[in-house]
Number of protein chains: 2
Amino acid sequence: MADDDEITAKRPTIYDLAQIAGTSASAVSSVLNGTWKKRRISARLAERISRIAEEQGYAVNLPARMLRRERSRVIGMIIPKYDNRYFGAIAERFETMARERGLFPVITCTQREPALEVEAAREMMSYQVECLIVTGATDPDRIAELCSAARVRAINLDLPGGRAPSVVSDNFAGALELTRVILSRVRADFGTPAPLYFIGGRAQDNNTRERLRGFTAAHHEAGLAVPEGNCLMRGYSAAKTLSAMAELGIADGSGVFVNSTIALEGVVRWLHDQPIPPELRFGCFDWDPFAVFLPQNVGMMQQDVAAMLSTAFQLIESPPEGVPTIRIPCRFRPRP
Amino acid sequence: MADDDEITAKRPTIYDLAQIAGTSASAVSSVLNGTWKKRRISARLAERISRIAEEQGYAVNLPARMLRRERSRVIGMIIPKYDNRYFGAIAERFETMARERGLFPVITCTQREPALEVEAAREMMSYQVECLIVTGATDPDRIAELCSAARVRAINLDLPGGRAPSVVSDNFAGALELTRVILSRVRADFGTPAPLYFIGGRAQDNNTRERLRGFTAAHHEAGLAVPEGNCLMRGYSAAKTLSAMAELGIADGSGVFVNSTIALEGVVRWLHDQPIPPELRFGCFDWDPFAVFLPQNVGMMQQDVAAMLSTAFQLIESPPEGVPTIRIPCRFRPRP
DNA sequence: AATCTACGCTCCACCGATTGAGCATCCAAG
DNA sequence: CTTGGATGCTCAATCGGTGGAGCGTAGATT
């Protein structure tokens with residue numbers, strides 16, 4: 001409340017409060033953590049201690065509490081990047097849901113570097129996390145191993161692994177639907193039923209493989225074969241995608257399946273770099289509120305972040321048998 | 001390295017390692033935290049302890065370490081949202097820079113709710129942060145007060161305050177330049193030197209006021225007055241901006257200054273909702289890699305996140321006299 | 001031979017909060 | 001007057017890591 005400078009040189013502890021209140025540290029502790037009824041502290045004393053704590057601007061020393069308690073109530077998340085809407089939404093939703101459950105969320109971002117992923121996982125162990133959500137990790141099994149050695153439950157999000165339960169989007173179904181839409185729009189607008197291009201991601205990465213499967217299946221439905229050369233997977237980088245686009249020799253009337261918003265940045269930049277931008281149609285796996293309005297976009301496949309995280313927290317709260325991979329449907333958002 | 005199940009029921013402590021190595025906990029501690037030379041532990045023993053720690057998958061218990069050490073080496077950041085590029089970039093850069101300095105970054109996001117801001121600040125005190133970067137807070141002075149009571153250095157980022165050093169963009173200069181560009185493009189494309197609209201933000205908020213000042217100054221330069229009704233500041237919400245747009249009766253040939261990417265979402269949605277979208281030109285304060293390609297966009301004013309955070313860390317490392325507000329220039333990014 | 005110094009290590013108090021065990025006090029029942 | 005129970009509180013051990021103080025031994029110096 002009021003300023004009380006020069007009295008407290010450091011932040012007050014329960015011992016300081018106990019001295020001021022003329023009581024014991026254990027009474028103060030139990031009042032401030034809510035166990036005072038169980039410990040038969042009178043309401044009068046509880047009241048007084050609370051008031052003094054307020055006046056002194058007391059804040060519990062979490063490290064000390066965590067050291068003593070057997071449960072830390074800390075839940076960790078490692079995530080590749082903050083700077084796109086998908087991962088941003090995941091981080092935000094994770095924080096909210098953790099707090100709703102009385103847990104302390106700790107997030108760390110690994111810049112998509114495998115070495116940093118492992119380091120981040122170790123750091124999470126040091127924080128004494130009870131559970132770790134591993135998002136979009138290149139090697140989730142490596143991390144799951146670290147976790148199981150430390151008796152920490154791990155959940156894979158976005159990218160599946162073989163040693164911990166996973167929650168992922170239904171990449172196959174999403175890619176199937178998105179490819180169908182792009183194909184039919186290309187047919188409607190240009191009349192040519194040509195096979196589409198597939199741009200972005202990494203061929204080894206599970207999500208990319210699943211999406212490529214959906215992409216191929218939609219082509220087969222339409223009686224089309226996908227030429228090898230149509231698929232360019234140079235990783236998650238706008239710059240690499242941009243330089244790759246030049247090789248394809250994309251002509252008017254083409255259709256493009258873009259495998260992430262980061263790849264889409266490359267595609268869009270390439271388009272605008274062309275002296276005469278080709279007339280084409282594209283669709284993208286992942287949604288972005290601005291990209292969805294871009295002229296040649298037919299629509300975007302939005303992953304259901306809320307459902308994915310609800311499922312992840314359910315898996316944490318009631319650990320499943322075995323190592324399931326749960327697939328969450330995506331939602332197609334056409335260009336408005 | 002190898003699995004060593006069923007041996008360790010819990011994560012090992014320095015005492016466990018000491019027992020295995022046949023030495024004392026303090027030797028183990030000093031080896032693992034690097035002070036072993038100072039403490040005259042032999043290289044041979046240090047080697048052996050390191051190997052055993054590795055084998056056992058030891059990870060230091062950070063809460064215990066933090067409790068003991070007088071410095072926690074934790075640095076906190078509170079931030080309104082993760083889900084836009086500006087704040088996403090800030091969070092990411094903050095993490096990187098903190099780690100480069102051997103600090104542990106802890107970020108929490110407050111959903112732009114004043115009550116959550118204060119709660120988040122309290123939580124940061126509980127984590128024993130040594131320093132707190134307060135980003136885009138609605139009431140930075142309230143938080144600065146909490147911090148000074150707990151002897152925690154605070155720095156305001158993005159939104160300035162009166163009780164802690166602040167690092168902000170040069171909103172006036174940025175808005176001046178952006179307004180000039182929009183005005184000249186409107187003139188070039190439509191011939192009509194009409195005053196622009198100003199959309200988004202809150203009238204009480206410092207950044208919005210500064211930008212409005214730049215906006216007005218650019219109009220005066222051009223011999224134009226800004227009619228009151230041209231400025232609509234309904235907060236940081238796409239939905240509110242969208243509904244506000246309807247009131248303005250924007251006609252062909254207009255120019256719009258959009259005060260944030262979140263407001264831009266509303267503007268763009270409004271445009272696409274119109275049966276016949278008006279021909280207009282807009283510019284936006286804040287950059288987004290997709291929005292920058294939208295057809296009627298003349299360009300975006302990008303805040304220099306790296307410079308802002310470098311400055312913030314400098315202020316942390318060498319605390320300044322008084323309570324300065326440092327302004328960082330922005331960079332205009334035209335539509336490619 | 002006695003003293004000194006460097007070396008290599010261990011002992012133990014401590015950080016702040018938590019919690020099982022235990023100690024008075026008081027009122028009621030036997 | 002004693003026993004029993006409830007009430008209201010305090011004591012002290014503990015969590016894991018840290019670091020100042022100190023101890024025994026070996027080799028060097030006087």
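Just so it is clear: chains get the letters A, B, ... in the order the sequence lines come, proteins before strands, and each one is counted from 1.
At the heavy-atom level, B:Thr13 lies under 4.0 Å from the strands shown only through sugar-phosphate atoms. Heavy atoms of A:Ser42 sit under 4.0 angstrom from primed sugar atoms or phosphate atoms, though from no base atom. Contact annotation for B:Leu45: backbone-only contact, meaning every heavy-atom pair under 4.0 Å involves sugar-phosphate atoms and none involves a base.
The closest side-chain heavy-atom distance from A:Met66 to B:Leu67 is not below 4.5 Å. With a 4.5 Å cut-off on side-chain heavy atoms, A:Thr13 and A:Asn61 do not count as touching. Contact annotation: the side chain of B:Leu315 approaches that of B:Ile326 to within less than 4.5 Å [non-hydrogen atoms, C-beta and beyond]. Within the 4.5 Å cutoff, no side-chain heavy atoms of A:Arg151 are placed close to those of A:Glu130. Two residues are said to be in side-chain contact when any heavy atoms from C-beta on lie closer than 4.5 Å; B:Met77 and B:Val106 fail this criterion. Here the side chains of A:Asn156 and A:Thr135 are not in contact, with every heavy-atom distance at 4.5 Å or above.
One can place CD of B:Glu70 at 10 Å from P of D:dG20, the figure rounded to the nearest angstrom. Put simply, CZ on A:Arg11 is 16 Å from P on C:dC15, counting in whole angstrom units. Following rounding to the nearest Å, B:Trp36 (CH2) and D:dG19 (C1') show an atom-to-atom distance of 18 Å. A:Lys38 has its NZ atom 17 Å from the C1' atom of D:dG8, to the nearest Å. In this entry the distance linking CZ of A:Arg73 with P of C:dA17 reads 19 Å, nearest Å. We find that CG of B:Asn61 is positioned 14 Å from C1' of C:dG16, with the value rounded to whole Å. Taking atom CD1 of residue A:Ile49 and atom P of nucleotide D:dG8, one finds them 14 Å apart after rounding to whole Å.
Residue-to-nucleotide contacts include a donor-acceptor pair under 3.5 Å from the side chain of A:Arg39 to the base of D:dT10. With hydrogens and angles ignored, a donor-acceptor pair closer than 3.5 Å exists between the side chain of A:Arg40 and the base of D:dG8.
Here the closest heavy-atom approach between residue B:Val129 and residue B:Ile75 is recorded as CG1-C, 4.3 Å.
Residue B:Arg65 places at least one side-chain N or O under 4.0 Å from the OP1 or OP2 atom of D:dT18. For A:Asn33, no side-chain nitrogen or oxygen approaches OP1 or OP2 of C:dA17 to under 4.0 Å.
Put simply, the side chain of A:Ser42 gets close to the backbone of A:Leu45: a donor and an acceptor are under 3.5 Å apart.
Taking for each of B:Leu67 and B:Ala43 the nucleotide of DNA chain C with the nearest heavy atom, the 5'-most of the two is the partner of B:Ala43.
Contact check of residues 14-25 of chain B against DNA chain C (heavy atom, cut-off under 4.0 Å) returns B:Thr23, B:Ser24. Within residues 125-132 of chain B, no residue has any heavy atom closer than 4.0 Å to DNA chain D.
The side chain of A:Arg68 lies closest to C:dT18, out of C:dG16, C:dT18, D:dG17. Among D:dG19, D:dG17, C:dG16, the nucleotide with an atom closest to any side-chain atom of B:Thr35 is D:dG19. Which of D:dG19, C:dG16, D:dG17 sits closest to the side chain of B:Ser26 comes down to D:dG19. Closest to the B:Ile41 side chain, of the nucleotides C:dG16, C:dC9, C:dT19, is C:dC9.
Taking the charged nitrogens against the carboxylate oxygens, A:Glu92 and B:Lys81 do have a contact shorter than 4.0 Å, which makes a salt bridge.
Applying the ring-ring contact (aromatic ring centres under 6.0 Å, His included) test to every pair with at least one member in residues 71-101 of chain B, sequence neighbours left out, gives these pairs: A:Tyr82-B:Tyr82.
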